[in-house]
Amino acid sequence: VQLQASGGGLVQPGGTLRLSCAASVSIFSINAMAWYREAPGKQRELVASITSDRTNYADSVKGRFTISRDNAKNTVYLAMNSLKPEDTAVYYCNAQRRGISSWGQGTQVTVSS
């Protein structure tokens with residue numbers, strides 16, 4: 001599976017961004033998709049995941065981030081609200097399909113005044 005991530009950028013604290021991850025195959029064939037992030041000097045961490053019937057969020061983003069999917073566009077989104085400086089990281093899209101994990105290229109999110 002090839003994944004194309006987009007939507008990162010520079011935003012002020014309290015601002016919003018929406019990340020997109022377009023898959024090269026039907027997302028009906030993908031077991032789960034997720035967003036991870038990696039901040040400088042820190043390990044990559046799971047931010048949010050989505051399957052056909054459930055979503056899951058890291059405690060640090062609950063109530064602020066929303067993961068969703070558009071089946072017609074084979075795209076998963078991450079809507080990020082009330083952004084904080086600690087959300088600054090490179091965000092990666094991931095897909096789990098038939099036992100294989102695929103990663104998209106990262107997209108930088110910087111939250112700074």
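No experiment lies behind these values; they were computed from the predicted model shown.
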Inset, instruction - Output every pair passing side chain to side chain donor-acceptor pair (under 3.5 Å) with a member in residues 81-95, not counting sequence neighbours, ordered by first then second residue. - result: R37-D87, R37-Y91, R64-D87, N94-Q96, N94-S101

Inset, instruction - Can you see which heavy atom on V90 is nearest to which on G106, and at what distance? - result: CG1-CA, 3.6 Å

Legend entry - Evaluation steps, side chain to side chain donor-acceptor pair (under 3.5 Å), between Q105 and T107: CA-CA 7 Å; Q105 90 288 4; T107 184; over 6 Å; no

Legend entry - V76 backbone acceptor or donor facing D70 side chain under 3.5 Å: no

Inset, instruction - Answer yes if the side chains of R97 and S102 hold a donor-acceptor pair under 3.5 Å, and no otherwise. - result: no

Inset, instruction - Looking only at non-hydrogen atoms, find the nearest pair between S49 and A34 and report the distance. - result: CB-CB, 3.8 Å

Legend entry - CD (E45) with more than 12 external heavy atoms under 6.0 Å: yes

Inset, instruction - Taking the side chain as every heavy atom from C-beta outward, state whether M33 and C93 have any pair of such atoms under 4.5 Å apart. - result: yes

Legend entry - Heavy-atom pair with the smallest gap, counting every atom of L19 and G8: CD2-N, 3.6 Å

Legend entry - Residue pair P85 / S112, side-chain heavy-atom distance below 4.5 Å: no

Legend entry - OG1-CE distance between T66 and M80, expressed to the nearest 0.5 angstrom: 11.0 Å

Legend entry - Value rounded to 0.5 Å, distance of CG in N74 from CD1 in I30: 7.5 Å

Inset, instruction - Output all residues satisfying side chain to side chain donor-acceptor pair (under 3.5 Å) with T55, sequence neighbours left out; order by chain, then residue number. - result: none

Legend entry - From CA spacing to verdict: side chain to side chain donor-acceptor pair (under 3.5 Å), R69, N71: CA-CA 6 Å; R69 52 193 277 172; N71 296 333; 3.0 Å; yes

Inset, instruction - Treating Ile, Leu, Val, Met, Phe, Trp and Tyr as nodes and any side-chain heavy-atom pair under 4.5 angstrom as an edge, say whether Y77 and Y57 lie in one connected cluster. - result: no

Legend entry - Value rounded to 0.5 Å, distance of CG in L78 from OG in S20: 9.5 Å

Legend entry - Spacing of C21 atom SG and I50 atom CD1 [to the nearest 0.5 Å]: 11.5 Å

Inset, instruction - Tell me whether the centres of the aromatic rings in W103 and Y36 are closer together than 6.0 Å. - result: yes

Inset, instruction - Give every residue pair that meets the side chain to side chain donor-acceptor pair (under 3.5 Å) criterion with at least one member in residues 10-19, sequence neighbours excluded. - result: none

Legend entry - Shared hydrophobic cluster, L10 / V109 (ILVMFWY, side-chain heavy atoms < 4.5 Å): no

Legend entry - Shortest non-hydrogen contact from V1 toward A23: CG1-CB, 4.3 Å

Inset, instruction - Could you tell me which non-hydrogen atom of V47 sits nearest to which non-hydrogen atom of V61, and how far apart they are? - result: O-CG2, 3.6 Å

